Structure formats: structure tokens, C-alpha cells
Undergrad: 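Handing you this structure, nothing more for now.
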2 protein chains.
Amino acid sequence: MAQNSSLMSGVPELLVLRLLSAREMYGYQLAVAIRETTREAISLGEGVLYPALHAMENRGFLKTRRRTVSGRTRVYYASTPKGRRRLNELSQEWRRIAGGVEWVLAGI
Amino acid sequence: MAQNSSLMSGVPELLVLRLLSAREMYGYQLAVAIRETTREAISLGEGVLYPALHAMENRGFLKTRRRTVSGRTRVYYASTPKGRRRLNELSQEWRRIAGGVEWVLAGI
DNA sequence: GTATCATACCTCGTATAGCGAGGTATAGAG
DNA sequence: CTCTATACCTCGCTATACGAGGTATGATAC
């Protein structure tokens, strides 16, 4: 069963791009940051997060840098200019969809 | 390409259930109502709407009634008690996800 | 010493479902 | 007689969220 039900499409990408627009982070750190920043409202499993990161890297939205810290390898992700443009697109997209849903939920 | 990009998962179901909680409607009417109520923000193609309606009927959220009006057959959909429970679930789900996204977009 | 937990990465298979394109048919306007 | 709006439908493609499972290290607890 889906932990976050079925209202998530595109959301992981948006969250990752937004968090990485502030500072570079590694995968595990992103998972924790998403949980904390959303006040536990959203929690991305690793089966969502890592494939999403790889896909975004392949599409040129992110670039990576490997660092070994106290015996553990971390893959740091940073946003590219293309990633920042993508963030703008997705944010507008989100505002549009969320606004539309609110009209329906509120009014009728 | 996706007209509504990829931030739509579950949204069509939520919108349909919400609109049908007020009054019964037929498919084409729902398509128009969604466009208008969302101020053109969301427009569901028929390839989304009709399969979604069938799936919701199969899951017991909607019941149907056929009427022929001036030579055209209309399939009217109405929400069931199960559909109203589903609407409550999806609404809460939506509030949770949307709230979480807002935290990330606003703060960091 | 060893069990357990947190850290840190990964892949695979499945299920869902959004989407465009395409199909059928009637009514009414021009 | 053509074009538009109405009204329904299916098919195949693609994207992607998800759980489960796998590997490995370091630190803490027993």
C-alpha cells in the first residue's frame, strides 16, 4: 500500500529540487530533511528517493560529488541551472494544481 | 506531453467525488464543471475522466443511472456512502500532502 | 564479542494511473 | 452538407510511486 496514497506524482521531484536550491545535500540527508521540513507529513521511502535522484541527474537537473566521511560514502547532490529552471516550472505547476483543487474543495 | 504535468495523481478522483457530493452529474458535465470550478487551472481529458469514473464505479464509490436526453445518452454518476467516506479520506490526504509541500516551498 | 541500531547506498518487480490519440454517434447551426 | 458541440468509449504508452530486499560501515548497548 502507498504510504502517501496516490497524491504524490511529481511531488518528490519538486521537494528535492527546492531543498537542493538552498544547499547541496546527500541522499540520506534529503530523506531526513523532507520528513522534518514537512513536519512528518511526507516521508519518502528510499525506493522513491534514490531512483528519483538518479533520474534527475540523468535529465541534467542535478550534478553529483562523492565524498567519504568517517568510512561512509556519501553522494552529494547539487542543483544545476537546468534544475533551477525545472524547479520554477514545477513550482508554478504546483501552484496551479493546488489552487484548482482548493477552488473545488472550498466552493462548488 | 502531460497537459497537467505530473502533479495530478489522485486529484481527478478527489475532484470528481467532491463535485458529486453536491449533486449527480454526467461525464461531459463533470469535465466542464472541473474546468470552470478550477478557473481553467485543471482540465481533465476524456482519456482520464471516463476510465476514472469506471474505476470508481467498480470500487463502489459511485453508482450510475442512464438517461436519454434529446437523442443523446447520458450516464449520470452519484456518490455512494462509500464514496463519501472515500472523499473524506482523500481530502485529508490532500491537506496533508499540500501542507507538507507548502512547508518546503515556503520555508526550508 | 555480539547484537542492534543508525547511517548510507543500491536495484528489482509490481501496480497505478495519467495522457494522447483515435473511434462512434446525434443534434443543431450556418 | 459541413462544422461544432455534445456524449460516450477504448487502447497503448509512459512515468513513477512503492515495498521489499540487498550490501556495508560505525557506534552503542548488553
Side-chain angles (χ1 to χ4, degrees), chain A residues 1-17 24-36 42-59 61-62 64-77 86 90 93 97 100-101, chain B residues 1-17 24-36 42-59 61-62 64-77 90 93 96-97 100-101:
Chain A
M1 294 305 155
Q3 190 185 44
N4 290 306
S5 118
S6 52
L7 293 158
M8 290 289 293
S9 239
V11 169
E13 190 182 356
L14 174 58
L15 298 182
V16 165
L17 283 172
E24 74 167 3
M25 298 174 84
Y26 56 97
Y28 194 86
Q29 188 183 12
L30 272 166
V32 175
I34 287 169
R35 233 182 299 127
E36 290 179 349
I42 300 174
S43 179
L44 297 189
E46 303 193 341
V48 175
L49 185 58
Y50 288 115
L53 288 171
H54 300 157
M56 292 165 76
E57 189 190 359
N58 288 335
R59 295 178 67 184
F61 300 145
L62 304 179
T64 59
R65 183 166 80 86
R66 268 148 217 284
R67 287 180 62 196
T68 299
V69 179
S70 63
R72 269 190 277 264
T73 299
R74 293 175 178 172
V75 183
Y76 282 83
Y77 291 89
R86 175 68 169 166
L90 283 178
E93 209 68 57
I97 304 291
V101 171
Chain B
M1 292 303 153
Q3 191 185 45
N4 290 305
S5 114
S6 53
L7 292 158
M8 290 287 294
S9 241
V11 168
E13 190 182 356
L14 174 58
L15 299 182
V16 165
L17 283 172
E24 73 168 2
M25 297 173 84
Y26 56 97
Y28 194 86
Q29 188 184 11
L30 272 166
V32 175
I34 287 170
R35 234 183 298 127
E36 290 180 350
I42 300 174
S43 180
L44 297 189
E46 302 193 341
V48 174
L49 185 58
Y50 288 115
L53 288 171
H54 300 158
M56 292 164 77
E57 188 189 1
N58 288 335
R59 296 178 66 184
F61 301 145
L62 304 179
T64 60
R65 183 167 80 87
R66 267 149 219 284
R67 287 180 62 196
T68 299
V69 179
S70 62
R72 271 190 276 264
T73 299
R74 294 175 178 172
V75 184
Y76 281 84
Y77 291 88
L90 283 179
E93 209 67 59
R96 184 170 64 81
I97 304 291
V101 172

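Chain naming here is simple, since letters A, B, ... match the order of the sequence lines and numbering starts at 1 in each. Computed from a predicted model, the values in this text were never measured in an experiment.
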Undergrad: Please determine, for the side chain of B:Met8, which listed nucleotide (C:dA8, C:dC19, D:dC9) has the closest atom?
TA: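 That would be C:dC19.
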
Undergrad: Establish, for the pair B:Arg74 and B:Tyr28, whether the NZ or CZ atom is under 6.0 angstrom from the six-membered ring centre and no further than 45 degrees off its axis.
TA: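 That pair does not qualify as a cation-pi contact.
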
Undergrad: For B:Pro51 and A:Val11, take the nucleotide of DNA chain D holding the closest heavy atom to each; which residue's nucleotide lies nearer the 5' end?
TA: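 With B:Pro51 and A:Val11 compared, the 5'-side residue is B:Pro51.
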
Undergrad: Can B:Leu44 and B:Val11 be said to form a side-chain contact (heavy atoms from CB on, under 4.5 Å), step by step?
TA: CA-CA 10 Å; B:Leu44 297 189; B:Val11 168; over 6 Å; no

Undergrad: If I take atom CZ in residue B:Arg72 and atom C1' in nucleotide C:dG28, what distance separates them, rounded to the nearest angstrom?
TA: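 Result: 8 Å.
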
Undergrad: Classify the nucleic acid contact of B:Gly47 as base, sugar-phosphate or nothing, counting any heavy atom under 4.0 Å across all strands shown.
TA: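 Since a base atom lies under 4.0 Å of B:Gly47, the category is base.
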
Undergrad: Under 4.0 Å between a side-chain N/O of B:His54 and OP1 or OP2 of D:dC8, yes or no?
TA: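 No, B:His54 has no side-chain N/O under 4.0 Å of OP1/OP2 on D:dC8.
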
Undergrad: Please report the distance, rounded to the nearest Å, between CG in A:Leu44 and P in D:dG19.
TA: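 After rounding, the reported distance stands at 11 Å.
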
Undergrad: Check whether any side-chain heavy atom of A:Ser9 lies under 4.5 Å from a side-chain heavy atom of B:Met8, and answer yes or no.
TA: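 In short, these two side chains do not touch, never coming nearer than 4.5 Å.
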
Undergrad: Find the distance B:Ile97:CD1 to D:dC18:C1' and express it as a whole number of Å.
TA: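 Distance, rounded to whole Å: 13 Å.
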
Undergrad: If you define the side chain from C-beta out and look only at heavy atoms, does anything of A:Val32 sit under 4.5 Å from A:Arg35?
TA: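 Yes - at least one pair of side-chain heavy atoms lies under 4.5 Å apart.
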
Undergrad: Without decimals, in angstroms, what is the distance between B:Ile42 CD1 and C:dG18 P?
TA: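 Going from CD1 in B:Ile42 over to P in C:dG18 covers 11 Å.
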
Undergrad: Got A:Leu53 and A:Val75 here, is their nearest side-chain heavy-atom distance under 4.5 Å?
TA: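 Counting from C-beta outward, A:Leu53 and A:Val75 never come under 4.5 Å.
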
Undergrad: Specify the separation, in whole Å, of atom CG of B:Leu53 and atom P of D:dA7.
TA: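 For the pair B:Leu53 CG and D:dA7 P, the rounded distance is 15 Å.
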
Undergrad: Which nucleotide sits closest to the side chain of A:Tyr77: D:dT10, C:dA17, C:dC10?
TA: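 Among the listed nucleotides, the one closest to the side chain of A:Tyr77 is C:dC10.
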
Undergrad: When you measure from the side-chain N and O atoms of B:Tyr50 to the phosphate of D:dC9, is any distance below 4.0 Å, counting only OP1 and OP2?
TA: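 B:Tyr50 to D:dC9 OP1/OP2: no side-chain N or O under 4.0 Å.
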
Undergrad: Roughly, in whole Å, what's the span from OH in A:Tyr28 to C1' in D:dG26?
TA: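 From A:Tyr28 OH to D:dG26 C1': 12 Å.
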
Undergrad: Taking any heavy-atom pair under 4.0 Å as a contact, classify B:Gly71: base, sugar-phosphate, or nothing.
TA: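 Sugar-phosphate contact only - B:Gly71 comes under 4.0 Å of backbone atoms but never of a base.
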
Undergrad: Mapping B:Gln29 and A:Ser70 onto DNA chain D by nearest heavy atom, which one lands closer to the 5' end?
TA: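 Checking each residue's closest nucleotide, the 5'-ward one belongs to B:Gln29.
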
Undergrad: For B:Leu49 and C:dA21, give me the distance from atom CG to atom C1', rounded to whole Å.
TA: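 Taking atom C1' of C:dA21 as the reference, CG of B:Leu49 is at 17 Å.
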
Undergrad: So, is B:Tyr26 close to the D:dA7 phosphate, meaning a side-chain N or O under 4.0 Å from OP1 or OP2?
TA: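 For D:dA7, OP1/OP2 do have a side-chain N/O of B:Tyr26 under 4.0 Å.
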
Undergrad: Check the distance between D:dT6's C1' and B:Glu46's CD and give it to me in whole angstrom.
TA: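 Going from B:Glu46 (CD) to D:dT6 (C1'), I get 9 Å.
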
Undergrad: So which nucleotide from D:dA7, C:dG18, D:dT16 ends up closest to the side chain of B:Arg74?
TA: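 Selected nucleotide (nearest to the side chain): D:dA7.
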
